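Since the structure comes first, as structure tokens, the remarks are kept for the end.
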Amino acid sequence: MKAIVKPTANLQGEINALSSKNYTTRYLLIGALANGTSTIYYPAHSEDSDAMRRCVRDLGAIIEEDDEKIVITGFGKNPKHISELNVGNAGAVLRFLMSTAAFCPEVTFVNTYPESLGKRPHDDLIETLQQMGVEVQHSNGRLPITIKGGQPRGGKLTVSGNVSSQFLSSLLFMTPLLEEDSEIEVLHDLKSKIIVGQTLEVLEQAGIVVHASEDLMHYRIPGRQSYQAKEYVIQGDYPGSAAILAAAAVTNSDVRVLRLEENSKQGEKACVDVLRAMGVNLTHDNGVVHVRGNQKLIAGEFDGDHFTDAVLAMVAAAVFAEGTSRFYNVENLRYKECDRITDYLNELRKAGADVEERQSEIIVHGKPQGVTGGVEINAHFDHRVIMALTVVGLRSEKGLTIRDAHHVAKSYPQYFDHLRSIGAQVELVTE
Ligand SMILES: O=C(O)C1=C[C@@H](OP(=O)(O)O)[C@@H](O)[C@H](O)C1
Ligand SMILES: C=C(OP(=O)(O)O)C(=O)O
């Protein structure tokens, strides 16, 4: 599908934020790891959350669902002995389930997105699984990956946090079920540290005890625990909503996004502060972010690691700011659905933006007068590139055509419908 994004000066209306992808994957996993029946209200419906739903079902969870909830009966630490799992293009789902798969005799994670997830590295988690006595076959740390588990061992473990926090989260979900107590030391740095808070939050809700050091670099996890079956309610999704808020910020707008909790643990809620720092007129009360955009933004400097999945949308807003913006500490964006620094900036340049890259920084020389556009954009299999380039297209002179825009469904299938409902001129064409 192609998205033809036409210049749009005004956006107006109200959107109910989509449900959080990252909470949905977590609650489905802990529902599957419980020995009982849990209920998850308002789950996300997207390719990634569907991938987790499909895989835990393949592993033996029983799932029933209706419009508002999923009822899941878990398999505890005794998943079905299946031979193959397909996570689609979902990084978090793959990494979380690599540890769960260690309870199976032999599972292969297949490679269905060789150009995207197939290129992403998983060595850091593979090394830790090997420390636990699990045999892992892989091709240079990448898919396809075969986990030969059975009886993984706890004890003293290390994991690198340099590339992704998902490896640590994966181990935090699995180690409480082991016979032995475990200690995890995070080596090097811990990127996307804030999202580990979401992992610890849902573990606690399921009755799991984890002793975490204040800096989140050391953990003590008692073994022989079991997940309690519970009721969970999924909150609105900040990473996806960040693109809607950015669109409102770069146009003349009066847009309200509902269901965005002020006290959420999602790091990407910082997008509200980032836009405010850029001079955008907005309020955030009672779960509603209300943007009254006037097309005027000012540049700023931001630590992007605090709002990993919202960086691209915030960079799109900075394209139209007065002055030079800097998004630093973002190297791990290179290991996502595409290289979100080099690939993304190439597409932004095509659209007419003035951007520079460093190994771990994105620099944006703002163009308050707008960009020319009038070109075709390559989506690089990346939903966040698609969403961010749409924002740029709305404020361009000639619009933008985004090829393979259907990949937006990885996290936000209703993105274009939501944008159109507030007045964005976007035409969708089957390719
Ligand atoms: O734990 C999670 O659910 C996620 C962690 C982050 O990844 P990294 O830790 O690799 O940055 C984030 O980008 C991803 O969308 C979801
Ligand atoms: C990077 C993302 O997801 P994942 O790592 O789970 O593929 C994302 O949603 O932007």
Side-chain angles (χ1 to χ4, degrees), residues 5 7-18 236-264 266-304 306-328 330 344 348 351 353-355 362-371 384 387-396 412 415 418-419 421-424:
V5 183
T8 304
N10 299 293
L11 294 178
Q12 194 166 18
E14 196 169 275
I15 288 175
N16 238 330
L18 73 160
D237 186 273
Y238 274 97
S241 300
I244 302 280
L245 298 174
V250 305
T251 52
N252 290 312
S253 65
D254 188 343
V255 170
R256 288 152 48 92
V257 183
L258 280 50
R259 243 161 64 82
L260 292 178
E261 282 181 24
E262 290 97 309
N263 61 0
S264 168
Q266 297 175 61
E268 288 79 6
K269 81 172 178 203
C271 71
V272 175
D273 300 324
V274 171
L275 290 174
R276 198 179 272 127
M278 287 182 170
V280 176
N281 183 7
L282 56 78
T283 56
H284 192 185
D285 299 303
N286 303 318
V288 181
V289 181
H290 186 176
V291 180
R292 291 190 195 84
N294 61 3
Q295 299 197 323
K296 289 193 177 40
L297 296 106
I298 43 173
E301 303 220 348
F302 306 100
D303 182 341
H306 294 164
F307 50 97
T308 313
D309 287 347
V311 171
L312 271 54
M314 296 301 103
V315 167
V319 163
F320 305 104
E322 182 79 51
T324 294
S325 298
R326 197 166 72 93
F327 295 83
Y328 57 92
V330 294
Y344 177 48
L348 282 177
D354 186 0
V355 285
I362 295 174
I363 293 159
V364 187
H365 305 289
K367 290 189 166 180
Q369 73 279 18
V371 298
R384 307 225 182 268
M387 291 188 248
L389 262 305
T390 303
V391 172
V392 174
L394 293 175
R395 179 77 185 271
S396 66
Y412 198 169
Y415 177 63
H418 278 182
L419 272 183
S421 76
I422 55 173

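In this text the structure is predicted, and so the values were computed from the model without any measurement.
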Next on the checklist: On a heavy-atom basis, which atom in Val274 and which in Met314 lie closest, and how many Å separate them?
Outcome noted: CG1-SD, 3.7 Å
Item to check | Rounded distance [0.5 Å steps], OH in Tyr328 versus CD in Glu301 | outcome: 7.0 Å
Item to check | For Pro239 against Asp309, the heavy-atom pair lying closest together | outcome: CB-CB, 3.7 Å
Checklist entry - Between Ala424 and Leu394, which heavy-atom pair has the shortest distance, and what is it? => result CB-CD2, 3.9 Å
Checklist entry - Side-chain contact, heavy-atom cut-off 4.5 Å: Ser241 with Val289? => result no
Item to check | Minimum heavy-atom distance Gly423-Thr8, with the two atoms named | outcome: O-CG2, 3.4 Å
Checklist entry - Is a side-chain donor or acceptor of Tyr412 paired with a backbone partner of Leu18 at a separation under 3.5 angstrom? => result no
Item to check | Spatial distance of atom CG (Leu258) from atom CD1 (Ile15) [nearest 0.5 Å] | outcome: 9.5 Å
Checklist entry - If you measure from OG on Ser421 to CG on Asn16, what distance do you get to the nearest 0.5 Å? => result 10.0 Å
Next on the checklist: Counting C-beta onward and ignoring hydrogens, is there a side-chain heavy-atom pair between Val355 and Tyr344 closer than 4.5 Å?
Outcome noted: no
Next on the checklist: A side-chain contact here means heavy atoms from C-beta on lying under 4.5 Å apart; do Met278 and Phe302 qualify?
Outcome noted: yes
Next on the checklist: With a 6.0 Å cut-off (strictly less than), is the heavy-atom count around NZ of Lys296, excluding the residue itself, greater than 12?
Outcome noted: no
Next on the checklist: I'd like to know if the side chain of Arg395 and the backbone of Pro368 have a donor-acceptor N/O pair within less than 3.5 Å.
Outcome noted: yes
Checklist entry - Can you check side-chain contact (heavy atoms from CB on, under 4.5 Å) on Thr390 and Tyr415, steps first, answer last? => result CA-CA 10 Å; Thr390 303; Tyr415 177 63; 3.9 Å; yes
Next on the checklist: Do Leu389 and Leu348 make a side-chain contact, defined as non-hydrogen atoms from C-beta onward lying under 4.5 Å apart?
Outcome noted: yes
Item to check | Leu260 backbone acceptor or donor facing Tyr238 side chain under 3.5 Å | outcome: yes
Checklist entry - Between Glu268 and Ala310, which heavy-atom pair has the shortest distance, and what is it? => result CG-N, 3.6 Å
Item to check | Straight-line distance of His365 NE2 to Arg326 CZ, nearest 0.5 Å | outcome: 12.0 Å
Checklist entry - With no hydrogens and no angle check, is any side-chain donor or acceptor of Arg384 less than 3.5 Å from a backbone partner on Leu312? => result no
Checklist entry - How far does OG of Ser325 sit from CG of Leu297, to the nearest 0.5 angstrom? => result 9.0 Å
Checklist outcome for this item: Scanning both residues in full, the closest heavy-atom pair of Val311 with Gly304 reads CG2-O, 3.4 Å
Next on the checklist: Using modelled atom types and a 3.5 Å cut-off, is there a donor and acceptor pairing between side-chain atoms of Ser264 and backbone atoms of Gln266?
Outcome noted: yes
Item to check | Under 3.5 Å: donor-acceptor pair, side chain of Glu262, backbone of Asn286 | outcome: yes
Next on the checklist: Checking side-chain contact (heavy atoms from CB on, under 4.5 Å) between Asn281 and each of Arg276, Arg292, His290, which is the one that passes?
Outcome noted: Arg292
Checklist entry - When rounded to the nearest 0.5 angstrom, what distance separates CD in Gln12 from OG1 in Thr251? => result 10.5 Å
Checklist entry - Is there a donor-acceptor pair closer than 3.5 Å between any side-chain N or O of Ser396 and the backbone N or O of Gly393? => result yes
